[in-house]
Structure formats: structure tokens, C-alpha cells
Amino acid sequence: NAGVTQTPKFQVLKTGQSMTLQCAQDMNHEYMSWYRQDPGMGLRLIHYSVGAGITDQGEVPNGYNVSRSTTEDFPLRLLSAAPSQTSVYFCASSYSQGAYEQYFGPGTRLTVT
Amino acid sequence: GENVEQHPSTLSVQEGDSAVIKCTYSDSASNYFPWYKQELGKRPQLIIDIRSNVGEKKDQRIAVTLNKTAKHFSLHITETQPEDSAVYFCAAGYNNNDMRFGAGTRLTVKP
């Protein structure tokens, strides 16, 4: 099993550009989530999904869109990149939305200039 | 929403000593309290978790305690080793829904 995979590993965007961060898991997990990690602020939840076709907002959803058309994939879309979105983005998955371990992907380091 | 505070932000101990990291949470509905370890440039990895129906859980050198009345939980690492050096994050939430993380504790274990 590859676990949770993310692409790309690094990305540089100009202000106003859009892009999609890809996330996939091969563990047949129902629950998937996106976090951003900024220095000194821990991980903050952006969006999450409890199953295919279902998504919900987390703590910091503004400027981001998600969709969950399959169990395996959970892409994160930046609509119009801003310097404040410079961060490391982690995707995670869990067996279900219950109290189960979340498995994190390797992360995507995004810089917006 | 839930608010999690974590202390201290940095912690330095001598190899073999114990380390304690403390977190408080605000939402009494939270029932799941995981702890993650993150090494430099790596992804967070779960090291131990506790659910609200349990007061203490231990796994070898690592233990977590939960006080629901006071809304705080702590991570205890005994007999620390240099490879324990990392950033540790606590988190709290109702199951995995809207999980909130603390700001992290950078633990340094000096040989």
C-alpha cells in the first residue's frame, strides 16, 4: 500500500493563479481531510470529507474548494492564490469520521509570490 | 469551535529524563485526543491517542492522561532518548470532526 500520496511536493505560484493539490489514498478510508501548517500555529483544518460526495468546512476554508467524487481522491483547489496561502499543506485519511487515527501524506510546500 | 492550547512551546531535557507536555481544550463535547510527532521535514505521525471514556493510556515509554473535568490532557515520555527529539502536537475534537491542533512543542533531548 502506498498509503496517502500528495502531488506536487513543491509549488510556486504567482498571486491570482489557481491550482489543484492532489491527494489520494489506497486504504479505502471513508474520511479525508486537508490541513495547512504554518510556523508556530500547528495544523489547521481546511476542509474534510466523511465519504464520497460529502464535504464540509473546517477552521480555515476561505479561498479553497474541495470535492470528493471517489473514495480514493480528495483534491484541494486554490481559486485565486494569495501570499497568505503560502504554507505546507497536508492531506490525511482515516478509517471513518469516528475516533480513529489519521494518516498523513508527505505534504506539499506551496509558495505564493 | 474547539480551542486547544499547548505548553510549553519548547522543552529541553537530558537523555534519560522525563518530558511532560500539557494541553487544554475548551469544548466539553470533544471525545478524542490524539498526539502526533513530527520530525523535521516529515509528516505528522500518531504516537498515542485517548478517548474520553478512558483516564490514562500507556504504550511503553509514552503515556497520556486525560482530566475531563478540568479539560486538560498531558503527554508523558519517560527515559527520553535523542530520537525522541521532534515537534509534538496535541489535538482535540468530537471524533475526527473539526479536529483542532495545539501549536506544538519542540522537544530536544540532549545526549
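The chains referred to below are lettered A, B, ... by the order of the sequence lines, with proteins before strands, and numbering in each begins at 1.
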Seminar exercise, completed: So, the part of A:Tyr103 with a heavy atom under 4.5 Å from chain B: the answer is neither

Exercise. By a 4.5 Å heavy-atom criterion (distance strictly below it), what part of A:Val88 contacts chain B: side chain, backbone, both, or neither?
Worked result: neither

Exercise. Given a strict heavy-atom distance threshold of 4.5 Å, which part of A:Gln37 is in contact with chain B: side chain, backbone, both, or neither?
Worked result: side chain

Problem set entry | Heavy-atom contact with chain A under 4.5 Å, split by part of B:Pro44 | both

Exercise. Are side-chain heavy atoms of A:Phe74 and A:Val66 found at a separation under 4.5 Å?
Worked result: yes

For this session: Establish, from distance only, whether the side-chain atoms of A:Ser94 and A:Glu101 form a donor-acceptor pair under 3.5 Å.
Result: no

Problem set entry | Side chain, backbone, both or neither of A:Ser96 within contact of chain B (heavy atoms, under 4.5 Å) | backbone

For this session: Please flag which part of B:Gln38 lies under 4.5 Å from any non-hydrogen atom of chain A: side chain, backbone, both or neither.
Result: side chain

Problem set entry | Straight-line distance of A:Met19 CE to A:Leu76 CG, nearest 0.5 Å | 9.0 Å

For this session: Below 4.5 Å from any heavy atom of chain A, which atoms of B:Phe33 appear? Answer side chain, backbone, both or neither.
Result: neither

Exercise. Please walk me through it: do B:Arg61 and B:Asp84 pass salt bridge (Lys or Arg N to Asp or Glu O under 4.0 Å)?
Worked result: CA-CA 11 Å; B:Arg61 296 185 297 109; B:Asp84 294 329; 2.9 Å; yes

Exercise. When you look at A:Val4 and A:Met27, which way does the side chain to side chain contact (heavy atoms under 4.5 Å, CB included) test go after all the steps?
Worked result: CA-CA 8 Å; A:Val4 181; A:Met27 297 176 282; 3.6 Å; yes

For this session: Among the options A:Gly58, A:Gly105, A:Ser33, pick out the one with the most heavy-atom pairs lying under 4.5 Å from chain B.
Result: A:Gly105

Exercise. Which distance, rounded to the nearest 0.5 Å, do you find between the CZ of A:Arg77 and the OG of A:Ser67?
Worked result: 3.5 Å

Exercise. Going by atom types only, do A:Tyr89 and A:Gln11 share a side-chain donor-acceptor pair under 3.5 Å?
Worked result: no

Exercise. Out of B:Tyr94, B:Phe101, B:Phe89, which one racks up the most heavy-atom pairs below 4.5 Å with chain A?
Worked result: B:Phe101

For this session: Measure distances from A:Tyr48 to the heavy atoms of chain B and classify the residue's part below 4.5 Å as side chain, backbone, both or neither.
Result: side chain

Problem set entry | Test log, rule side-chain hydrogen bond (donor to acceptor under 3.5 Å, both in side chains), inputs A:Asp38 and A:Ser87 | CA-CA 6 Å; A:Asp38 302 298; A:Ser87 189; 2.8 Å; yes

Problem set entry | For chain B, the option from A:Leu45, A:Leu43, A:Asp56 that forms the most heavy-atom pairs under 4.5 Å | A:Leu43

